[in-house]
Visitor: 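Pasting a structure here, questions to come.
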Amino acid sequence: MKEEIDVLEQTVASDYKYGFVTDIDTDVVPKGLSAEVIRIISTKKNEPEWMLNWRLKAYHHWLTMEEPEWANVHYPPINFQDIIYYAAPKKKNKLNNLDEVDPELLKTFDKLGISLNEQKRLTGVAVDVVMDSVSVATSFKKQLSEIGVIFCSMSEAIQDHPDLVKKYLGSVVPMTDNYFAALNAAVFTDGSFCFIPKGVRCPMELSTYFRINTEGAGQFERTLIVAEDEAYVSYLEGCTAPMRDENQLHAAVVELVAHTKSEIKYSTVQNWYPGDENGKGGVYNFVTKRGICQGDHSKISWTQVETGSAITWKYPSVILKGDNSIGEFYSVALTNNKQQADTGTKMLHIGKNTRSRIVSKGISAGRSQNSYRGLVRAGKNALNARNYSQCDSLLLGDKCGAHTFPYIESKNKTAVIEHEATTSKIGEDQLFYCRQRGIDAETAVALIVTGFAKEVMNQLPMEFAVEAQKLLAISLEGSVG
Amino acid sequence: MLSIKNIHASVEGKQILNGINLEVKAGEVHAIMGPNGSGKSTLASILAGREDYEVTEGSVFFEGNDMLELSPEDRAREGLFLAFQYPVEIPGVSTTNFIKTALNEKRKYNGQEPLDAVSFLKMMKQKMQLVEIDKSLLTRSINEGFSGGEKKRNEIFQMAMLEPKLAILDETDSGLDIDALRIVANGVNKLRNENRAIIVITHYQRLLDYLQPDFVHVLVNGRIVRSGTKELALELEEKGYDFLKDELSLAEAL
Ligand SMILES: Nc1ncnc2c1ncn2[C@@H]1O[C@H](COP(=O)(O)OP(=O)(O)O)[C@@H](O)[C@H]1O
Ligand SMILES: [Mg+2]
């Protein structure tokens, strides 16, 4: 509670504070996409043959696909030849420990509030840091490996754990899944890999911090998390980018695999540069995230706080295959100025007695458009499947929009699917009540919005909840009055 | 402390207050009575700075400052408190969090550090006893699902926490059963002191029995038609507003 207030106190006028650029020597593959560029990327990463072939297959499939247009977002066509697909901070040699990380990089991440120094971190949070196309550092690797937890960059996983990667990569989001997933499969450059072996409860939060730095670079990371039987892991990703006038593309893929009685909790605090108040610049965040509850009694929980990006197109989903498995989706999506978000989830019930819960809180301000899109499907064999969905929208002002698109498909009579939706406005009465108590309008709005989003914020690991609240408040600046 | 001079005000083009004059000094308790729709809440709203209401004439000075120039939040930080006739719900925001935010905003305005968690809790505890409010109420979303009595008691609790110089209680007694009324009235009495002024808006004598106001004013058709001491309230109770016939017809004629 103390933090809650402190956070609001920091709601002083400040623009996107992550918008700086790091001046660092960068290894860049020229703009454009071709089989040749994919070969170069693969070579630079010293990848085995099978990986290259996988990429090329995805690329050829992508060439046959059309860019999707069904989402409630609008943007000019993307020129895929005008994007840099590989940009990596140059490093002299393989790092043996974090002390060898380029000081300029350390400074960058300090500025972003991400300390790479293990001693300096208050609590046990292991962090993998990805700048543009590559992972630059991973902390606590050694401690984790002692209990059998693998936490490393995807590039390293391909080198050091090829069998695991081969087994699971593309197993949840096939390379042919959709346009942006196929693109990602062709050109992905890094991301995090987590493997929690049977019976292990990962003792610290695992997190990845993504940073786009290079102008014109796209970011295509791929994250894969596997929890073996009875394993548990809580994982968090955060992301920021410099302020630039042109749009930058971020097309990531995240795959989660939860085996019997395991649990994966995946949290996102998304704060890519949203563009300016006139909608110039900003990141296109076109992301495919999906988890499979493979084993009985497994559980996957997505929590997301989405405040950044010019356009967000993202539906973290759960395939509930194992009997008695549980899928959860908790989302706060805040749009301001001219941001557009089309986000939601899919809960695909396949196994018996599977349960899912969806809590979506959309906040629209400025001239933004905010859509919830969700699919709940109960298959023939999903006996006694249960879903509860709650979608609430909060509007600030009358130039923004909130939309809800729930799709329900039930193929058996024992399934119970419930959907509730509300739309409200921050009322003059609420604002005046706060102001009469000495709380100015901007702080009042932040307070009301934080209250509105509370159920979702409560799902976040404590130290990230504070960060996320700050973000909500900051993202709303200028939306009052 | 508060000096209201010839206030005229309208809302949505409709004239509601027709020249209100009122002087309130520190330590005094004033009661404002009057029939429904006479403009009592409008007066309270204008003092608190609600923007829908337009002051077309007159002035309000609070502790020497031109109050009409101040934003609602600055008026509050200067020490004005309004206990709302209809307190507002804010889902997901606990009463504790709400009050802490308010308190610290006020402290910041006055150049003080935010209250640390320990002192805040201590203060809460002490004031909770004062107004006999239950702890469980304070962890719930403010006013959400509160009964009428709980809402009113919560307003008085906020008043206790924010320690205003001037408190306006708008029908804080209406909708309360006799026990709740006693608790609220006791709370208010404990908050009386020589530095604090209180304006009580009410229809009923029963709250005034507890509070024993120094002055009573009767508001009709946007004017104060009679001012007196607490005996005036008793007279009203006994005879109804009709006994003010002359004043009433005068007010209506205007
Ligand atoms: N926001 C408003 N819009 C239109 N009319 C209003 C508004 N607020 C008050 N009024 C009108 O002003 C008059 C005085 O109301 P009010 O001040 O609430 O009276 P009281 O509190 O004495 O019962 C009433 O006729 C009421 O209908
Ligand atoms: Mg009233």
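A, B, ... follow the sequence lines: proteins, then strands. Residue 1 opens every chain.
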Visitor: Select one option (side chain, backbone, both, neither) describing which atoms of B/Leu82 are under 4.5 Å from chain A's heavy atoms.
Guide: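 Both parts, backbone and side chain.
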
Visitor: Does atom CD of B/Gln112 have more than 12 heavy-atom neighbours, drawn from other residues, nucleotides or ligands, at distances under 6.0 Å?
Guide: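 More than 12 heavy atoms, drawn from other residues, nucleotides or ligands, come within 6.0 Å of this atom.
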
Visitor: With rounding to the nearest 0.5 angstrom, report the CD1 to CZ distance, B/Ile99 to A/Arg437.
Guide: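 If we round to the nearest 0.5 Å, B/Ile99:CD1 and A/Arg437:CZ are 8.5 Å apart.
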
Visitor: Is A/Gln430 reaching over with its side chain to a backbone N or O of B/Val88, donor-acceptor style, under 3.5 angstrom?
Guide: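 Not at all, since once roles are kept as given, no pair shorter than 3.5 Å links the two residues.
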
Visitor: What verdict does the ring pair (Phe, Tyr, Trp, His ring centres under 6.0 Å) test give for A/Tyr433 and B/Tyr86, after you've listed the backbone C-alpha separation in whole Å, the side-chain angles of each residue and the deciding distance to 0.1 Å?
Guide: CA-CA 10 Å; A/Tyr433 191 65; B/Tyr86 304 106; over 10 Å; no

Visitor: Step by step, work out the side chain to side chain contact (heavy atoms under 4.5 Å, CB included) result for A/Leu447 and B/Asn97.
Guide: CA-CA 9 Å; A/Leu447 189 71; B/Asn97 186 12; 4.0 Å; yes

Visitor: Identify the residues of residues 50-59 of chain B whose heavy atoms come closer than 4.5 Å to a heavy atom of chain A, ordered by number, or report 'none'.
Guide: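 So far as heavy atoms go, B/Arg50, B/Glu51 are the residues that approach chain A to under 4.5 Å.
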
Visitor: Quick check for you: to the nearest 0.5 Å, what is the distance between A/Glu442 atom CD and B/Glu73 atom CD?
Guide: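 The CD atom of B/Glu73 is 11.0 Å from CD of A/Glu442, to the nearest 0.5 Å.
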
Visitor: In plain terms, say whether A/Asp440 and B/Lys108 are close enough for a salt bridge, that is, a side-chain N and a carboxylate O under 4.0 Å apart.
Guide: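 Answer for the salt bridge query: no.
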
Visitor: Select one option (side chain, backbone, both, neither) describing which atoms of B/Leu103 are under 4.5 Å from chain A's heavy atoms.
Guide: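 B/Leu103 has no heavy atom closer than 4.5 Å to chain A.
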
Visitor: Please walk me through it: do B/Thr101 and A/Thr443 pass side chain to side chain contact (heavy atoms under 4.5 Å, CB included)?
Guide: CA-CA 9 Å; B/Thr101 306; A/Thr443 308; 4.3 Å; yes

Visitor: Could I get the full list of side chain to side chain contact (heavy atoms under 4.5 Å, CB included) partners for B/Leu70, not counting sequence neighbours?
Guide: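 Listed in chain order: B/Asp74, B/Arg75, B/Glu78.
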
Visitor: State, yes or no, whether a side-chain contact exists between B/Ile90 and A/Cys434 at a heavy-atom distance under 4.5 Å.
Guide: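 Contact flag for B/Ile90/A/Cys434 side chains = yes.
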
Visitor: Of all residues at least two apart in sequence or in a different chain, which pass the side chain to side chain donor-acceptor pair (under 3.5 Å) check with A/Tyr266?
Guide: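 Side chain to side chain donor-acceptor pair (under 3.5 Å) list for A/Tyr266, sorted by chain: A/Glu237.
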
Visitor: Do A/Phe452 and B/Val93 have side-chain heavy atoms sitting under 4.5 Å apart?
Guide: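 The answer is no; the side chains never approach within 4.5 Å.
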
Visitor: Return all side-chain donor-acceptor pairs below 3.5 angstrom for residues 327-334 of chain A, not counting sequence neighbours, or 'none' if the list is empty.
Guide:
unit_1, atom_1, unit_2, atom_2, d
A/Glu328, OE1, A/Ser301, OG, 3.0
A/Tyr330, OH, A/Arg357, NE, 3.3
A/Ser331, OG, A/Gln304, NE2, 2.9

Visitor: Highest number of heavy-atom pairs under 4.5 Å with chain A: which of B/Pro91, B/Gly49, B/Pro72?
Guide: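 Maximum pair count with chain A is reached by B/Pro72.
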
Visitor: Under 6.0 Å from the NZ atom of B/Lys190, do we count more than 12 heavy atoms belonging to anything else shown?
Guide: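 It does: B/Lys190 NZ has more than 12 such atoms within range.
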
Visitor: Out of B/Ser45, B/Ala76, B/Pro87, B/Pro164, return the one with the most heavy atom pairs under 4.5 angstrom to chain A.
Guide: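 Option with the greatest count: B/Ala76.
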
